Amino acid sequence: MPLLGLGVYQNNDCFPAVLAALKHGYRHVDSARMYRNEAEVGRAVRESGVPRTDVFVSECLCFGMPQDFKARSIQPPRYTTQSTATIVR
């Protein structure tokens, strides 16, 4: 993973910045769910022409946001008594 990356904190329109960074050699984009700009980051990665396998997107789950509490409360799958290979979701 590259040591230097582009951070997209507090950037509501980060598409141009991410696209330019990728075209100029950056291969790491640092984001977080709470920034709410994942769609722009993804679009820039797709449109950059850089193979997805060469790009690192780091993302932080910031517990304290309502959507993260919801994600944390997901229960693990339960196994049925009929077969241990059957998962009930």
Side-chain angles (χ1 to χ4, degrees):
M1 183 166 141
L3 294 175
L4 181 64
L6 174 71
V8 294
Y9 179 60
Q10 293 186 340
N11 189 340
N12 294 331
D13 185 21
C14 66
F15 171 78
V18 175
L19 186 62
L22 292 171
K23 289 190 180 229
H24 286 91
Y26 278 70
R27 294 298 179 260
H28 177 203
V29 180
D30 181 44
S31 185
R33 192 171 173 190
M34 67 183 257
Y35 304 167
R36 293 188 169 99
N37 53 16
E38 295 121 327
E40 292 86 7
V41 170
R43 188 173 133 225
V45 170
R46 282 190 303 277
E47 292 185 21
S48 71
V50 177
R52 179 59 184 94
T53 54
D54 294 350
V55 179
F56 292 82
V57 177
S58 58
E59 185 140 332
C60 170
L61 289 177
C62 302
F63 293 106
M65 299 292 289
Q67 66 271 22
D68 292 325
F69 281 121
K70 190 175 185 180
R72 238 171 59 180
S73 67
I74 295 172
Q75 298 297 317
R78 291 174 289 142
Y79 294 97
T80 66
T81 55
Q82 297 171 352
S83 167
T84 56
T86 305
I87 298 175
V88 177
R89 294 182 190 250

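Nothing here was measured: the structure is a model prediction, and the numbers come from that model.
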Listed once per pair and sorted, the side-chain hydrogen bond (donor to acceptor under 3.5 Å, both in side chains) pairs that draw on residues 11-28, sequence neighbours left out
His28-Ser58
Under the side-chain contact (heavy atoms from CB on, under 4.5 Å) test against Val41, which residue among Val8, Leu19, Val55, Asp30 passes?
Val8
State the OH-SG distance between Tyr9 and Cys14, to the nearest 0.5 angstrom.
14.0 Å
Would you give the length of the straight line joining atom CE of Met34 to atom CD of Gln10, rounded to the nearest 0.5 angstrom?
8.0 Å
Could you list all the salt bridge (charged side-chain N to carboxylate O under 4.0 Å, His left out) pairs where at least one residue sits in residues 38-48, not counting sequence neighbours?
Arg43-Glu47
All heavy atoms of Phe56 vs all of Pro2, minimum pair found to be CD1-CD, 3.3 Å
I need the single residue from Val45, Leu6, Asp54 that forms a side-chain contact (heavy atoms from CB on, under 4.5 Å) with Leu22. Which is it?
Val45
